[in-house]
There are 2 protein chains.
Amino acid sequence: MKLTGYELADPHQLDATFAALADPTRRAILTRLAAGEATVRELAAPFSMSQPAISKHLKVLERAGLISRGRQAQRRPCRLRAEPLRVATDWLANYRDFWEESYQRLDQLLGEVQRQQAAEIERPGGNHE
Amino acid sequence: MKLTGYELADPHQLDATFAALADPTRRAILTRLAAGEATVRELAAPFSMSQPAISKHLKVLERAGLISRGRQAQRRPCRLRAEPLRVATDWLANYRDFWEESYQRLDQLLGEVQRQQAAEIERPGGNHE
DNA sequence: TGGATAGAAAACCAGAAGGTTATGAAACTA
DNA sequence: TAGTTTCATAACCTTCTGGTTTTCTATCCA
């Protein structure tokens, strides 16, 4: 458990990244882009959604730094920029130990609680879940 | 690059998890909870925000499965449930190879660009970023 | 020159998010 | 019993989100 209690990365960056990832359409777009560059039309094709809606999603992804856009004639090919995903993963990594040990911890905690309940006068105790 | 093109986990689960993580207050609450159980009052203390606002945040976290709540007298101690964080991390892990190679890729690209610029006079094309 | 194609931008809308204050409900405490 | 503490719920407000349709701009092509 090596949590700092503070966020190392720019909070706004994490806000934008996690918010961008909270939409299934945008996650699907990122998944598609991991296979290589794609134009807006190509990205829009799988979805039953208007083209401007996709453009909006792309703008969200761009503002989060998750994609960059080039220019080829009329097309604006999009490319994945994975750096913010690394930052997000770094944040989540702080909890890795926790969920890996969570069963151990749960056992320990239940043990403690039971001992407390056995030794204390205070009756009703933490019925978590 | 071992992307499937499909999401392995329940999309709604990822929606809820990432949406929950998109708020700095909620991330701070999770960070606090990683240090151990805490009551609503304790969780609210660091923030200049009303108690109902914190309760709302906790409800969001609970619906995302990121916390569970017990009961001790009037108190409802909250406990971190890290499983959804593992799921989110698993999703992000699909991109790990991509961002790890990105520096290599960037170096390659910069090398190419520099060589082109050295050999060329001017040619507008693919100005990503 | 005059379309067609690719995509962005504008205007609009319904619903969700995030905050507030006020009130209510349990359970402890004097 | 009355009061306090802890927390949730309700009602309300403002802003953000995610979608729409319509229109505009830029570039290719015949």
Side-chain angles (χ1 to χ4, degrees), chain A residues 11-12 14-30 32-33 37-64 66-79 120-128, chain B residues 11-12 14-29 32-33 37-64 66-79 123-128:
Chain A
H12 298 346
L14 283 174
D15 288 0
T17 303
F18 283 130
L21 294 178
D23 185 282
T25 301
R26 289 194 289 264
R27 286 199 305 275
I29 287 174
L30 291 181
R32 165 64 186 80
L33 286 178
E37 278 195 10
T39 66
V40 176
R41 278 241 142 232
E42 290 166 346
L43 291 173
F47 303 101
S48 54
M49 197 181 296
S50 67
Q51 168 262 314
I54 298 295
S55 279
K56 279 194 179 181
H57 282 303
L58 292 176
K59 187 178 283 183
V60 171
L61 290 170
E62 189 176 30
R63 285 198 299 135
L66 284 163
I67 65 171
S68 66
R69 287 146 126 169
R71 187 166 302 219
Q72 286 176 7
Q74 322 103 309
R75 279 162 230 111
R76 310 262 151 104
C78 297
R79 177 187 300 172
E120 261 178 33
I121 310 168
E122 174 139 311
R123 289 288 162 244
N127 61 330
H128 259 281
Chain B
H12 298 344
L14 283 173
D15 288 359
T17 303
F18 283 131
L21 295 177
D23 185 282
T25 301
R26 288 193 292 262
R27 287 197 304 276
I29 288 174
R32 165 64 186 82
L33 286 178
E37 278 196 8
T39 67
V40 175
R41 239 186 61 81
E42 288 166 347
L43 291 172
F47 303 102
S48 53
M49 196 180 299
S50 67
Q51 168 262 314
I54 299 295
S55 279
K56 278 194 179 183
H57 282 303
L58 293 177
K59 187 178 283 184
V60 171
L61 290 170
E62 188 176 30
R63 286 199 304 134
L66 284 163
I67 65 170
S68 65
R69 289 148 125 167
R71 188 167 300 221
Q72 287 176 6
Q74 323 102 311
R75 280 160 232 114
R76 295 243 167 128
C78 297
R79 177 187 299 172
R123 187 196 303 168
N127 62 329
H128 256 280

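These numbers were taken from a predicted model, which means no experiment stands behind them. Values reported hereafter were calculated over all heavy atoms of this structure, with side chains retained and with hydrogens, waters and symmetry mates removed. In what follows, every chain begins at residue 1, and chains take the letters A, B, ... in the order their sequences are listed.
Applying the 4.0 Å criterion to OP1 and OP2 of D/dT17, one finds that A/His57 has every side-chain N and O outside that range. Put simply, B/Ser55 has no side-chain N or O that comes within less than 4.0 Å of OP1 or OP2 on D/dC7. Remark: B/Ser50 is in phosphate contact with C/dT20, judged by side-chain N or O atoms under 4.0 Å from OP1 or OP2. Applying the 4.0 Å criterion to OP1 and OP2 of C/dA9, one finds that A/Lys59 has a side-chain N or O inside that range.
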Collect all protein-nucleotide pairs involving nucleotides 27-30 of chain D in which both atoms are nitrogen or oxygen and the distance is under 3.5 Å.
residue, atom, partner, partner atom, Å
D/dT27, O2, A/Gln74, NE2, 3.3

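Using a 4.5 Å cut-off on side-chain heavy atoms (C-beta onward), B/Arg76 and B/Leu58 make no contact.
Remark: the backbone N or O of B/Glu37 is not paired with any side-chain donor or acceptor of B/Arg79 at under 3.5 angstrom. Put simply, the side chain of A/Arg26 gets close to the backbone of A/Ala20: a donor and an acceptor are under 3.5 Å apart.
Listed candidates were C/dT20, C/dA8, D/dG19. Nearest to the side chain of A/Val40 is C/dA8. Minimum atom distance to the side chain of A/Pro52 is reached by C/dA10, of the listed C/dG19, D/dG18, C/dA10. Taking only side-chain atoms of B/Arg41, from C-beta outward, the nucleotide of C/dC12, D/dC7, D/dA11 with the closest atom is D/dC7.
To the nearest 0.5 Å, atoms CG (B/Leu21) and OG1 (A/Thr17) are separated by 11.0 Å. A distance of 9.5 Å separates CZ in B/Arg75 from CZ in B/Arg41, rounded to the nearest 0.5 Å. With rounding to the nearest 0.5 angstrom, the CD1 atom of A/Ile29 is 11.0 Å from the CG atom of A/Leu66.
Straight-line distance from the CZ atom of A/Phe18 to the C1' atom of C/dA17: 18 Å, rounded to whole Å. Atom CG in B/Leu61 sits about 13 Å away from atom C1' in C/dG18, given to the nearest Å. One interatomic measurement links the two molecules: CG of B/Asp23 to P of D/dT15, which rounds to 18 Å at whole-angstrom precision. C/dA22 atom C1' lies 13 Å from atom NZ of B/Lys56, rounded to whole Å. One can place CD1 of A/Ile54 at 15 Å from C1' of D/dT17, the figure rounded to the nearest angstrom. Remark: C1' of C/dG19 and CG of B/Leu58 are 15 Å apart, rounded to the nearest angstrom.
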Query raised in the report: Stepwise, does the side-chain contact (heavy atoms from CB on, under 4.5 Å) test hold for A/His57 with A/Leu43?
Result: CA-CA 11 Å; A/His57 282 303; A/Leu43 291 173; over 6 Å; no

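For C/dA8, its base sits under 3.5 Å from the side chain of A/Gln51 at one donor and acceptor pair at least.
Among the heavy atoms of the strands lying under 4.0 Å from A/Thr39 are primed sugar atoms or P, OP1, OP2 only; no base atom is included.
Residue A/Ala19 is the one, among A/Ala19 and A/Arg76, whose nearest nucleotide of DNA chain D lies closer to the 5' end (criterion: closest heavy atom). When each of B/Ala53 and B/Arg63 is assigned the nucleotide of DNA chain C bearing its nearest heavy atom, the one mapping closer to the 5' terminus is B/Arg63.
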